[in-house]
Structures are given as structure tokens and as C-alpha cells.
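Worksheet for the structure shown next.
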Amino acid sequence: MSANAFDVKRIRADFPILHRRVHDKPLVYLDNAATTQKPRQVIDALVNYYSRYNANIHRGIHALAEEATAAYEAVREHTARFLHAPSSRSIVFTRNTTESINLFASAWGRAHLKSGDQILLSEMEHHSNLVPWQLLAKATGATLAFIKMADEGLLKLEELDRLLTPRTKLVAVTQMSNVLGTINPVQEMTRRAHERGALVLIDAAQSVPHLPVDVQQIGCDALAFSSHKMLGPTGVGVLYAREALLESMEPFLGGGEMITDVQLTSSTWNEIPWKFEAGTPNIADVIAFGEALTYLERIGMSAIQAHERELTTYAIQRLREVTGLTIYGPTRAAVERGGAVAFNLEGLHPHDVGTVLDAEGVAVRAGHHCAKPLMRRLGVVATVRASVYLYNTREEIDRLVEAIHAVQAFFSKPTHAKV
Ligand code: PLP
């Protein structure tokens, strides 16, 4: 990759927030797995929409409504291209990954699952890809089974064939762990699941923002992710699902927009994907999400992945030099992984570590990362997590490591009690 192709300095210039100070120190933002910062192009798109063509969509006959509808629907087309989906009819806008998975669980699951059926998940799922299936299992009498994880943070794929039974109707798995950074081989998993007649839903909240994702290549039946984790605004999620599957599903929410006709006691449904978008959607944020897609495409998803790979390798190397620091997740150079790095410092609570890092201007996440079963599997209550994105630099990793040393120095003072 040439220096010109990936110019971090130039990228950083597009993100106003990266130039602010926190506790009188330059901000080092390493909480990208939670949400990412927004470039000025995305912020400008919001301002532009509200200043120039704010209107409700699909139903208006005036110029503003037509402009807003065209811009909103253009982002649906754009999202389909971004994912290499065969058609924009497969793209449903939701509020976030969580809502996308709930939509699928509810609209597909209630129509197609019965008592005794099985949903196969993994031990490393975010609560968003766990709780909706628990609710569905409770409502239908289906059961949940889990692909276990080896200590290095990789799924035990050899178990997949044993766990896939004729009762398995769906495999729902994350493409990239938000805690461990593990990238799961979802294409191979999908192939094996399909061989056994199960559908596959991918939680792509951490993968679509960070690496090229081609839904046709993966072959999955459904895939969910959030705009806010990929430079876009909060309040926009995407559910991709095969057209035939969307056709076979009942609506998720009822109301305006999702109908063709309404009688007093019954209704008929709009075509897909609008059948799943009841009420006024998040027009402004969807339009601005389109700018985020344009931004990422201009840099190139492969280039972004390569940049993050290099930074993550450097971060792991530097963190391993710190005495008393344990990293959770794959650390071998041979294992391709994403840029979320979870760790703990011996004798210190992750919240205390996070608080002192914040005082040093370094924003990380500390907690269970909405993955409590995974925390239990790792034998911890919580971890610190640093996660990188396209605008992070090696110097920022150095700042993180310096700040970790400051944490250790702070808590080694006799006056500051350790946990
Ligand atoms: N799945 C994974 C792997 C995540 O990392 C997250 C968010 O952290 C989610 C699902 C939920 O995303 P959202 O809160 O945008 O619905």
C-alpha cells in the first residue's frame, strides 16, 4: 500500500472531534467498537438536509418531498452496492443492529420456528445476538445451542458439524467479536449450515465497518449492522436479507408506510423492503449514512483493513511488553483478527484503569461490552478494550501504552488502594 493511498493525516483532518482536548490532553479515541467519530462530510450532509430539503418521504408530492425521497432511496441502492447485494429490495433500514436482529428474529422466527427446533449461536455473541433468540425460544419452544470457543478466542469449528442437526433452523453468529477481535470464517460456516438445511444470519456490526463484506460471497441469508460504527450517524441500522426470505416474513411493526390497503379490521402489506419500515423513518440520518459509505469507499475497505491490521499488530506487540497485562483474544501473527483488543492489568479493576486512561486523554471502554456470557467464559467480570479505526495512528498506540504505565504508577502509590 502506498503512502498516498492511505494518508492518515489527511483523513484525520476530516474529523473535527479528533482535534479537541480532553482533560487538557489531545484526545486519543480508541473506543471505535462502541461508536466511531464522524467526518465533516457526514455532519455536513445532516446540516444540508435540514437546511435545504427536509420533508417526509414517499407520500409527498412537492419538490422537497421528492428530493428527500430520492436521496433516501439512493442510499438504499448505495448500501446494496456496498454489500454486493443483488438488489436494494434486500435492504431494510432499522434503528441499529439490535433492531435488525430483533426484526428478523420476530418476523422470520415466529413464522417459521416451532417447538423443538434449534437455533445455533456461539459463546462470543453480543447481547444483541443472544437476547432476541432467547425471547424467540421462549415464545416458540425452540432451543438454543452454542458453538464453544477455544482459549485463544477462536470458535471450535470442528464442533459445528456435530451441533448442526436436522432440528437446527438457523445459525446466528458474529463475523467479528467486539471483545476479542476474532474474525469467524462465516463463509465456511454458512456453507456447512446450508448443507444441513439451516439458514444463517450474520451479526456484522463489527465487520462491515472494518473489512470488505460481500453478502453473495458469504452466501448468508441475513446480515445486520449499524451506521454509527462506520462513520455514520446513530439511529440507522441495516438488515440485509434475501428477497425470498423477506417476502416470506410477516411485518415486524405495523402502521403507516408498510401497507398497500387498510380496512377497519384487516390490511395488506406493502412490497419489500417497505413492508418492514413502518412509520416515518430516520430520513436525515439515512441520507448522512450514505455520505459515510461514500467516504469509506473513497479510502477503500481493503486499505482500511490493512491499516487496522498494521495498527493492531503494533498495539498487541506494545501491550505484550507491559508487565502484568493480559490480552484476551488471538495474538498470534498468523491469525487474522480485527482491531478490538481487550485486556486487563493485574490487580486492577478495568473501570479504574479506564478512568485513569481517560484522565490521560485516552478514551477506551471498560466493562462487559454487552457480552456477559463471554466474560464468564474468560473468567473475568470485565475488561478494558481499545479498538482502532481508519483515523488512528501508531503515535496514539504509544500514547495508550504510556498512559497504561501512568495507570500502573498511579496505583502503585501506597495511598491508592488496589482491588
Ligand atoms: N453486535 C456486535 C458484535 C456489536 O459490537 C454491537 C455493538 O457494540 C451490536 C451487535 C449492537 O449494535 P447496536 O448497539 O448499534 O445495535
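Whatever order the structure lists them in is the order used to number ligands and atoms, beginning at 1. All figures in this text were calculated on a predicted structure; none of them were measured in a lab. In this chain, numbering begins with 1 at the start of the sequence shown.
Shortest contact from atom 5 (O) of ligand 1 to any protein heavy atom: Q206 NE2, 2.7 Å. Protein heavy atom nearest atom 11 (C) of ligand 1, with residue, atom name and distance: S128 OG, 3.3 Å. Scanning the protein heavy atoms around atom 1 (N) of ligand 1, the nearest turns out to be D203 OD2, 2.6 Å. At the shortest separation from atom 4 (C) of ligand 1 among protein heavy atoms lies H126 CD2, 3.3 Å.
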* Asked: Yes or no on salt bridge (charged side-chain N to carboxylate O under 4.0 Å, His left out) for R377 and D151, after CA distance, side-chain angles and deciding distance?
  -> CA-CA 9 Å; R377 168 66 184 79; D151 286 340; 2.9 Å; yes
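Taking every non-hydrogen atom of A205 and a distance limit under 4.0 Å, the qualifying atoms of ligand 1 come out as 1 (N), 2 (C), 4 (C), 6 (C), 9 (C), 10 (C). If you number the atoms of ligand 1 from 1 as listed, the ones under 4.0 Å from a heavy atom of N178 come out as 5 (O).
Residues L245 and L199 have side chains in contact (heavy-atom distance under 4.5 Å, counting atoms from C-beta outward). Annotation: side chain of F289 is not in contact with side chain of H78 (no heavy-atom distance under 4.5 Å).
Counting heavy atoms under 4.0 Å from ligand 1, residue E99 does not touch it at all. Both the backbone and the side chain of T98 come within 4.0 Å of ligand 1, counting heavy atoms alone. Neither the backbone nor the side chain of H369 has any atom closer than 4.0 Å to an atom of ligand 1 (non-hydrogen atoms only).
Here the CG atom belonging to N56 is positioned 4.0 Å from the OG1 atom belonging to T280, to the nearest 0.5 angstrom. Rounded to the nearest 0.5 Å, atoms OG (S227) and CG (L231) are 8.5 Å apart.
Geometric assessment of R12 against the ring of F15 yields a negative cation-pi assignment under the 6.0 Å and 45° thresholds.
Partner of E247 under the salt bridge (Lys or Arg N to Asp or Glu O under 4.0 Å) criterion, out of R89, K275, R242: R89 alone.
For ligand 1, one of its N or O atoms has an N or O atom of K229 under 3.5 Å away.
The closest approach between E125 and ligand 1 stays at or above 4.0 Å for every heavy atom of the residue.
Checked by atom type and distance alone, the side chain of Y49 never pairs as donor or acceptor with a backbone atom of I283 at under 3.5 Å.
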